[in-house]
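All remarks here apply to the structure that follows.
Model, not experiment: these values are computed from the prediction. Residue numbers begin at 1 in each chain, while the letters A, B, ... track the order of the sequences.
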2 protein chains.
Amino acid sequence: MPRIGMKPIRRASLVEAAIAEIGDSGSLNVTVSRIAQRAGVSSALAHHYFGTKESILLSAMRHILSVYSADVRAALAGAADHRGRVEAVVRASFAPEQFRPAVISAWLMFYVGAQRSPETARLLAIYKRRLRSNLLAGLRPLVGREAELAAEGVAALIDGLYIRQSLARGAPPDSAEATAVVLDYVNRVLGSRP
Amino acid sequence: MPRIGMKPIRRASLVEAAIAEIGDSGSLNVTVSRIAQRAGVSSALAHHYFGTKESILLSAMRHILSVYSADVRAALAGAADHRGRVEAVVRASFAPEQFRPAVISAWLMFYVGAQRSPETARLLAIYKRRLRSNLLAGLRPLVGREAELAAEGVAALIDGLYIRQSLARGAPPDSAEATAVVLDYVNRVLGSRP
DNA sequence: GGAAGTTGATTGACTAGTCAAGCAATAATC
DNA sequence: GATTATTGCTTGACTAGTCAATCAACTTCC
């Protein structure tokens, strides 16, 4: 049943299947066969479209990062002031679409992958830089040179809450509580300033 | 050259080699052969003493956790008041002996392992509970029911700083800065209370 | 007829775990 | 004090299994 124009469809469904598979198996059992099977195709086809397994996983990572970036941009667009911008970044980070088991597992796997794959490390470094930059843009006008320390703290807090959630398999992620923890920190940093 | 009484020596050196190997290769390349080779023995010997690969890795984890526990206890013993106890836990968490590349990589691997190994998850849950309990003991007398949120924040901050450091391969971990970030948070929570 | 899409079967590399045998130090026996 | 048995230690070679990647062939569309 070969229909023309399947390339983007297959690529998308394989990427989706890879993320789901990572989420289910906890990131190490992911074989190309399993990903392909979940996407409803043969493993050979996965290789046909991606070449290597690493390429599939990198595409999955790029997909997650780009969805996250879009969410952050959308949240920032609706923010009224500096404080609002910081809160927007935090809320976007824990939006239910992001803060769900499959994506959380995928993030953990990215950190592992970055240990050996330079391309994974590069993508993660871009995320890290962008997050820091977004936070600083909101914080610096409000707290001046304290901003650096605070941005580092907020970023680490976000990453830490993700990683801790990955441990609680079974318990569904609680976006509201995670957001509350980070915003509490932000409030302490900003105090009652404008 | 078989001398009697080698069992504890071999077990210790294999555990040490496992941690070093995890640190070098970033946690996934660790094969029993490599661990054994680094410890200067054959892979069969590693199986003789540990039975399974998982058992080697669990022993490595237990070793790291027990050293960390001892460090925390020692730091707590020297603390004068509640605030000192919280600071002691934080400082112990980033003591140079703990906060070094091999151990940081090992922690990352524990989180990954916990996804599938119930025993790993159990050990990590114990660590999580103990950390929380240590923090609460110091925080609760000072901030009452705000303590829960603060303890969760401090714990996530510690985990997050570890995970972020795992990314900075090459750059040596900066214990002082990590400690400063967390203590800054603690100070904001405690304010200028006694 | 050619191009795009797809797969079953295969290959080659790697790995955890097993096994039987060999070696050195101690203990038992005379 | 010398011989022998026992025990702990160690290994090379092997098994069985997995997985990424390749290939040759088949199918449908234009």
Can we say A:E119 and A:R62 salt-bridge, meaning some charged N sits less than 4.0 Å from an Asp/Glu carboxylate O?
yes
To the nearest Å, give me how far apart CZ (A:R11) and C1' (C:dA4) are.
16 Å
Rounded to whole Å, please give me the gap between CG in A:L45 and P in C:dG5.
9 Å
Please report, rounded to the nearest Å, how far the P atom of C:dG17 is from the OH atom of B:Y49.
18 Å
Within a reach of under 6.0 Å around CZ of B:R188, are more than 12 heavy atoms found that belong to other residues, nucleotides or ligands?
yes
Rounding to an integer number of Å, can you tell me how far B:F50 CZ sits from D:dT10 P?
13 Å
Assess the side chains of B:Y111 and B:T120: does a donor N or O sit below 3.5 Å from an acceptor N or O?
no
For atom CD of A:Q37 and atom P of C:dG8, their distance in whole Å:
11 Å
Please enumerate all residues that pass ring pair (Phe, Tyr, Trp, His ring centres under 6.0 Å) together with B:F50, with sequence neighbours excluded.
none
Cationic N near anionic O, under 4.0 Å, A:E21 to A:K53
no
Within this structure, what is the CD-to-P distance between B:E21 and C:dT15, rounded to whole angstrom?
11 Å
Is the shortest side-chain N/O distance from B:R10 to OP1 or OP2 of D:dT10 below 4.0 Å?
yes
Just the atom pairs and distances: protein N or O near nucleotides 20-24 of chain D's N or O, under 3.5 Å.
{"residue": "D:dA20", "atom": "OP1", "partner": "A:K53", "partner atom": "NZ", "Å": "2.8"}
{"residue": "D:dA20", "atom": "OP2", "partner": "A:V32", "partner atom": "N", "Å": "3.0"}
{"residue": "D:dA21", "atom": "OP2", "partner": "A:H47", "partner atom": "NE2", "Å": "3.2"}
{"residue": "D:dA21", "atom": "OP2", "partner": "A:K53", "partner atom": "N", "Å": "2.7"}

More than 12 heavy atoms of other residues, nucleotides or ligands under 6.0 Å from CD of B:E148: is that the case?
yes
